[in-house]
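Down below is the structure, laid out as structure tokens.
Atoms within a ligand are numbered from 1 in the order they appear, just like the ligands themselves. In this chain, residues are counted from 1 in sequence order.
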Amino acid sequence: MSTIFGKILRGEIPADIVYEDEQCIAFRDINAVAPMHVLVIPRREIARLDEMTEADEPLVGHLLRVATLVAKHEGYPDFRMVVNNGAGASQTVWHLHVHVIGGRSLSWPPG
Ligand code: 5GP
């Protein structure tokens with residue numbers, strides 16, 4: 001299955017990429033909800049978090065570490081990571097992604 005993020009991965013549509021390595025890329029969300037809003041996605045197409053297997057633990061750990069490094073690099077020591085899993089949790093793109101959000105006060109609980 002291919003998604004808009006697959007197109008970004010293949011360079012078929014542009015994105016503001018802030019980091020990339022052999023396992024993942026990170027790019028700015030087109031509809032940012034905060035001064036920093038970056039999406040970190042694996043190169044491998046995993047549709048949603050609950051499809052991950054035990055073998056994916058290093059990959060998902062890598063996504064969280066990259067997300068943390070991106071936030072620090074962007075100058076935001078306080079940040080939030082969000083993974084929406086399923087339509088009922090507001091997932092709209094069926095390629096696993098970690099939202100990294102910062103640069104404004106973030107209330108709790110989320111909406
Ligand atoms: P979800 O709702 O699935 O958790 O998050 C999907 C995110 O992808 C949304 O925040 C949306 O703004 C972002 N998005 C959707 N299409 C594009 C696109 O073509 N480019 C970029 N950079 N972000 C996108």
Study note, to complete from the structure: salt bridge (charged side-chain N to carboxylate O under 4.0 Å, His left out) pairs touching residues 16-26, sequence neighbours excluded, are D16-R28, E20-R43

Exercise for review: Assess whether atom CZ of R65 is packed by more than 12 heavy atoms of other residues, nucleotides or ligands within 6.0 Å.
Suggested key: no

Review point. Do T68 and M81 come within less than 4.5 Å of each other through their side chains, counting heavy atoms only?
Key: yes

Practice item. May I ask you to decide if the ring planes of H97 and F5 are parallel, tilted or perpendicular, using 30° and 60° as cut-offs? Key: perpendicular

May I have the list of side-chain donor-acceptor pairs in residues 101-111 shorter than 3.5 Å, sequence neighbours left out?
{"from": "R104", "atom 1": "NE", "to": "V33", "atom 2": "O", "distance (Å)": "2.9"}
{"from": "R104", "atom 1": "NH2", "to": "V33", "atom 2": "O", "distance (Å)": "3.1"}

Check your understanding: With sequence neighbours excluded, what pairs up with D50 under the salt bridge (charged side-chain N to carboxylate O under 4.0 Å, His left out) test?
Key -> R48

Study note, to complete from the structure: Contact set, ligand 1, heavy-atom distance under 4.0 Å, ordered by chain/number, equals I4, F5, I8, F27, R28, D29, I30, N31, L39, N84, S90, Q91, T92, V93, H97, H99

